[in-house]
Each structure stands twice: as C-alpha cells, then as structure tokens.
Amino acid sequence: MGIGEQSLSLTFHGVRGSTPCHGREIARYGGNTSCVSFAVPGHDPVLCDLGTGLRYFGLGCDPDAVFQGTCLLSHLHWDHVQGLPFFSPLLRPGSHLTVYSPHPEHGGSVAEVMADTIKPPLFPVTLEQLPGSISFVEATDTEFTLHGRHPEVEPIEVMTRLIPHVGATSGYRLTWKNISVSYLSDHQQPIDGSMTVTPGALELCSGADVVIHDAQYTPEEFATKRDWGHCSIEYAINVAVQAKARMLVLFHHDPAHHDDLVDELAAEAAAQGRECGLEVVAAFEGMTLHLPC
Ligand SMILES: [Zn+2]
Ligand SMILES: [Zn+2]
C-alpha cells in the first residue's frame, strides 16, 4: 500500500454555528455552516452535515463523475441542511447521496421534513426534481457499517448516539482501522453550567483520536443563553478530557465570534488542554487533518 492509502483525512468546509455569515472580521475562520468531509481510502466520500459549506465541497468534486456518498446528519436545524439544494453533484443524473439522520421530533420522517422544506415556495424545485437522488435513513442510538467500493476494503464503523441539544440530535463516531473521529456539532451543556456529560456522548468520544465539538460560547455567553442548545468551550474541553480523547477541534463558532476572538479563545483552550495532555485547535474553512493509521 502507498502512503496515501494509510491515512484518513478530514476537511472542514463550514465551521460556523447557527447562521452563515461573512465579512473581513470572520474571513480567516470562515462563515459557512457545518460541513466536514472524510476521505477514506477505498471508500466513497463521507460527510458530516449539509450546512452551507457543502456547496464548496461539491465544487471540489469531479464535475464529470457521478457522485456517490454518505452524509451523517446531526439534526435538521437550518445551519446543518441549508447547503443540500446547492450541492452541485446532485445536478448530475446517477449521482446519489445517502443521508443518515435521527428521527425528527416534529413533522414526520426525515424524508418528509426535507421534502416539505425543499419545495416551492421555499425553493424553486422539489428534491425529487433534482437529477441526482437522495435516500434518507433514520438511525438513532445504533451502530452501522459503511462498506468500501470493493469487498476487500476495510469498512467504516459508525456509532450514533442521541446527544442533548434542542430537538432530536445525533453525535457520531467513525472508526476506520485504528482511527476514530467523533462529531458532536451541537451539544447542550447542563443548564446549571455543570460539567456532567451523558453516557452516550462519552461513549462517542471515548479514546477518540479527534473530537470535533461544539464551541459556541464563552462562559459569559453561556450564562445568558443556557438553554439555547450549546455549551462553553470549557465544557468542550471537559468532554474531551473525560473521554480521554487525543485532540479536540473547536467547531460551530458563534456568528458573533470574529477571528481575533476565536484566536484568543483557541489559545486559552490550547493552554488548558495542554495541562491535561489534550491537543486543542480551532477549525477553520479549508483545514485538513491527515490521520495516519
Ligand atoms: Zn447548529
Ligand atoms: Zn442545532
């Protein structure tokens, strides 16, 4: 096997929480909402979430090839699905995206909710009118396997657990060979500000090489938005430390957090993490991590 076949890589296409935003003051980290892609040797692309960053992932795909891929959708809030109708590979007949999602608490199945959202008058066409196709699979608190393009390829094992947020929300853990990456984009800290972590969230992150985690608030912001579904950066560090993860990627930056503030918060978090043997970095658009196995 060549060197390229020995590593899993993940790329951040959208790292912003809540709503897309733009401007010089947020240009370095970027203003697109949640979308992370995984490139795993022998596998079709795997995505976490379909926020506006998805459009840029799509623009990087081969324009002449039929697309096949999988998305692990955390939940149905706008900032996690808004990129779907702008995903250019779905403009090619034969392209297909399989979307795993928790069962929504409102509005029927995930397929029904998405069909109700992407249609006139909210959007010019329906999902069914796109040349490519999408299938939705509801998967809550379970494990499943993503197979490679050939039977001899090592499969990707996926674990999904419901995590506290607003409405049904999943966190995911992907394991390929000896590499594990956890994705908890929107994670409600206990509203009393304590550091308790649910067993499901701990299970997702246990011993992970990389934990991609909600980092929406400073402690002061959390104090005024306790039940908005998110957490302080300190809580994100606490989750990763409790789970004995190796690296924490701060994600889902608040739209009000300009680049200099994210730099400052990330430096503080990195110093805190170092004391516990945890590497901490802040995600930015275009960041790629290569994880060798
Ligand atoms: Zn979100
Ligand atoms: Zn949300």
Side-chain angles (χ1 to χ4, degrees), residues 10 12-22 26 29-37 47-57 71-87 99-107 110 113-114 116-118 136 138-141 160-172 181-191 197-198 200-201 204-205 211-218 221-222 224-233 235-236 239 248-257 262 265 282-285 287:
L10 54 149
F12 293 81
H13 307 280
V15 302
R16 194 61 62 173
S18 306
T19 186
C21 48
H22 88 123
I26 58 122
Y29 286 94
N32 282 296
T33 60
S34 298
C35 182
V36 181
S37 68
L47 297 157
C48 281
D49 279 335
L50 304 166
T52 59
L54 178 67
R55 176 167 174 266
Y56 297 89
F57 168 73
C71 173
L72 307 174
L73 187 66
S74 61
H75 62 310
L76 288 160
H77 286 166
W78 276 345
D79 54 320
H80 298 261
V81 297
Q82 226 172 355
L84 183 58
F86 301 96
F87 184 43
V99 179
Y100 288 86
S101 161
H103 178 72
E105 281 174 19
H106 306 279
V110 61
V113 172
M114 292 305 293
D116 277 349
T117 307
I118 301 172
F136 293 97
E138 293 190 349
T140 304
D141 274 332
T160 170
R161 294 287 179 268
L162 288 175
I163 58 172
H165 181 48
V166 179
T169 300
S170 286
Y172 291 94
V181 179
S182 316
Y183 180 82
L184 295 83
S185 61
D186 299 54
H187 194 188
Q188 169 75 63
Q189 178 174 359
I191 57 169
V197 185
T198 62
L204 290 171
C205 301
V211 172
I212 302 164
H213 197 283
D214 189 340
Q216 185 117 2
Y217 296 141
T218 63
E221 289 164 339
F222 179 77
T224 62
K225 298 172 179 175
R226 288 174 180 277
D227 59 353
W228 287 28
H230 300 285
C231 61
S232 65
I233 293 172
Y235 185 74
V239 171
L248 169 67
V249 178
L250 304 175
F251 187 71
H252 207 275
H253 307 306
D254 192 274
H257 288 188
V262 179
L265 296 171
F284 59 88
E285 269 176 41
M287 179 171 104

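Here the structure is a predicted model, which means the values were calculated and not measured. Hydrogens, waters and symmetry mates play no part in the numbers below; they use all other heavy atoms, side chains included. For ligands, and for the atoms within them, numbers begin at 1 and follow the listed sequence.
- Looking at D186, its N, O or S atom nearest to the Zn ion (ligand 1) turns out to be OD2.
- An angle of 90° is found at the Zn ion (ligand 2) between H75 atom NE2 and H77 atom ND1, rounded to 10°.
- Summarising the local packing, NE2 of H22 is surrounded by 12 or fewer heavy atoms from other residues, nucleotides or ligands at distances under 6.0 Å.
- Among the atoms of H80, no N, O or S atom falls under 2.8 Å of the Zn ion (ligand 2).
- Atom CZ of R16 is separated from atom CD of Q216 by 9.5 Å, given to the nearest 0.5 angstrom.
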#### Entry: side-chain contact (heavy atoms from CB on, under 4.5 Å) between H252 and S18, worked out
CA-CA 8 Å; H252 207 275; S18 306; 4.2 Å; yes
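- For H187 and Y235, the ring centers are positioned less than 6.0 Å apart.
- Per residue H252, closest N, O or S atom to the Zn ion (ligand 1): atom name NE2.
- Looking at T169, D79, D49 one by one, the single match for side-chain hydrogen bond (donor to acceptor under 3.5 Å, both in side chains) with S74 turns out to be D49.
- Within D79, OD2 is the N, O or S atom that lies nearest to the Zn ion (ligand 1).
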